[in-house]
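To start, the structure under review is shown below, and the notes come after it.
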Amino acid sequence: MNVLLTGGAGYIGSHVARALKGAGHTPVVYDSLVKGHAEAVRGLKFVQADVSDGAALRQAMTENQIEAVIHFAAFIEAGESVGMPDKYFHNNTVIGLTLLDAMRDCGVKKMVFSSTAAVYGKPDRVPIEETDRLAPINPYGASKLCVEYMMQAYATAYGLGFVALRYFNVVGAHPAGDIGEAHNPETHLIPLVLQVPLGQRKEIKIFGDDYDTPDGTCIRDYIHVCDLADAHILAVGAIEPGRVKVYNLGNGEGFSVRQVIETCCEVTDFDIPARVAPRRPGDPDRLVASSTRAVNELSWQPKFPYLKEIVAHAWQWHRNHPHGYGGAQ
Ligand code: UDP
């Protein structure tokens, strides 16, 4: 299948593009390179354009006979979204609508959407199931949930078919060691912690230790980017016209910020200093997935469920690419 990947030169997009190719599909990477990296495209078909450009989208879909879209391109920082909701609703929600219209006009009837655990807000219970209450507590989660609602309306009105994948915390890097996470500036926990043994940072700040968790720090469910990529391949095959299917993707086990830092110390064999800092706005106490639906309906089976191995793959990438793409040593 010819598959257009918006944001395909980014962290998750580049891993999914490789998995798609491995599964016999033809990925076409569509990326503005504002956040993505040309080096992450690795010889795949590539269109440099913005998702806000409806004409460029239509041209890319028609010229490449696109049959399905996987929509990654988005702003993803929950904390930032609290102070800059305009950025998130424009780039995630409004541009999502531009993409849906282009698909409808070009007869592209299938889409997999990168949704997020942030749509649940502060969950009533963990592990969270897909039918649990949707109540985002930050504009990031709200901007993604709006797209899920738009997908439902476009499925009903125009017969498009969708899968929304609600990602929990995506981490790690490809075991081959040549693609990985490279955000600038970096805001995510594991890459920031690993900057300490790399000599790029003196200490890691723990954003709050007064949460309602055993050690007071936030609990998250960390999933390997390659396991997440596999789920996209299965999701593309599961799309049905006129329907929106929704799946959580996590490992079903929660780790606190302190536990993540300890695991990074073990993997890197480095004593990583940590200092408690104020809470980051928009952070719920705990997010842990039930991915039973993905396991049962998509036959999804994570290959790297253990945090230590996930961190080891991240460490291999960061150690060999301490400055991300273009900065390999
Ligand atoms: N976090 C932290 N220090 C940092 C970065 C993140 O304590 O320097 C915490 C953050 O508050 C959250 C968890 O680590 O509880 C995971 O944050 P991340 O930004 O990696 O992912 P998110 O949960 O926002 O998707």
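Note that the structure is a prediction, hence the values are computed from the model and not measured. Atoms within each ligand, like the ligands themselves, are counted from 1 in listed order.
Judged purely by distance below 3.5 Å, without hydrogens or angles, the side chains of N248 and S291 never pair a donor atom with an acceptor atom. Looking at Y140 and N92, their side chains never bring a donor and an acceptor atom within 3.5 Å of each other.
The protein atom (non-hydrogen) at minimum distance from atom 9 (C) of ligand 1 is V257 CG2, 3.8 Å. When hydrogens are left out, the protein atom nearest atom 4 (C) of ligand 1 is F207 CE1, 3.3 Å; that is the closest non-hydrogen contact. Atom 3 (N) of ligand 1 has K205 O, 2.7 Å as its closest protein atom, hydrogens excluded (heavy atom only). Protein heavy atom nearest atom 11 (O) of ligand 1, with residue, atom name and distance: D283 OD2, 2.5 Å. The closest protein non-hydrogen atom to atom 17 (O) of ligand 1 is R280 NH2, 3.5 Å. Nearest protein heavy-atom neighbour of atom 20 (O) of ligand 1: L189 N, 2.8 Å. Atom 22 (P) of ligand 1 has its closest protein heavy atom at N169 ND2, 3.4 Å. For atom 15 (O) of ligand 1, the nearest non-hydrogen atom of the protein is C218 CB, 3.0 Å.
Here E77 has no heavy atoms under 4.0 Å from ligand 1, in either its backbone or its side chain. Of the heavy atoms in I204, only side-chain atoms (C-beta onward) come closer than 4.0 Å to ligand 1.
Close approach of ligand 1 to T187 (heavy-atom distance below 4.0 Å) involves ligand atoms 5 (C), 19 (O). Set against the non-hydrogen atoms of L192, the atoms of ligand 1 under 4.0 Å away are 8 (O). Ligand 1 places these atoms under 4.0 Å from at least one heavy atom of R220: 15 (O), 23 (O). The contact set between ligand 1 and I206, taken as ligand atoms under 4.0 Å from a residue heavy atom, comprises 7 (O).
The pair K308-E266 meets the salt-bridge criterion, since a charged nitrogen lies less than 4.0 angstrom from a carboxylate oxygen. No salt bridge links D283 with K122; every basic N to acidic carboxylate O contact stays at or beyond 4.0 Å. The pair E240-K245 meets the salt-bridge criterion, since a charged nitrogen lies less than 4.0 angstrom from a carboxylate oxygen. Between R279 and D210, at least one side-chain N (NZ, or NE/NH1/NH2) sits under 4.0 Å from a carboxylate O, which counts as a salt bridge. For E148 and R166, the salt-bridge test passes: some basic side-chain N is under 4.0 Å from an acidic carboxylate O.
Taking the six-membered ring where tryptophan is involved, the planes of Y11 and H15 are perpendicular, since the angle between them exceeds 60° and thus also 30°.
The shortest N or O to N or O distance between Y222 and ligand 1 is not below 3.5 Å.
Between the side chain of N138 and the main chain of G141, a donor-acceptor pair closer than 3.5 Å is present.
Considering K303, H224, Q301 as possible partners of D230, the one that fulfils the side-chain contact (heavy atoms from CB on, under 4.5 Å) test is K303.
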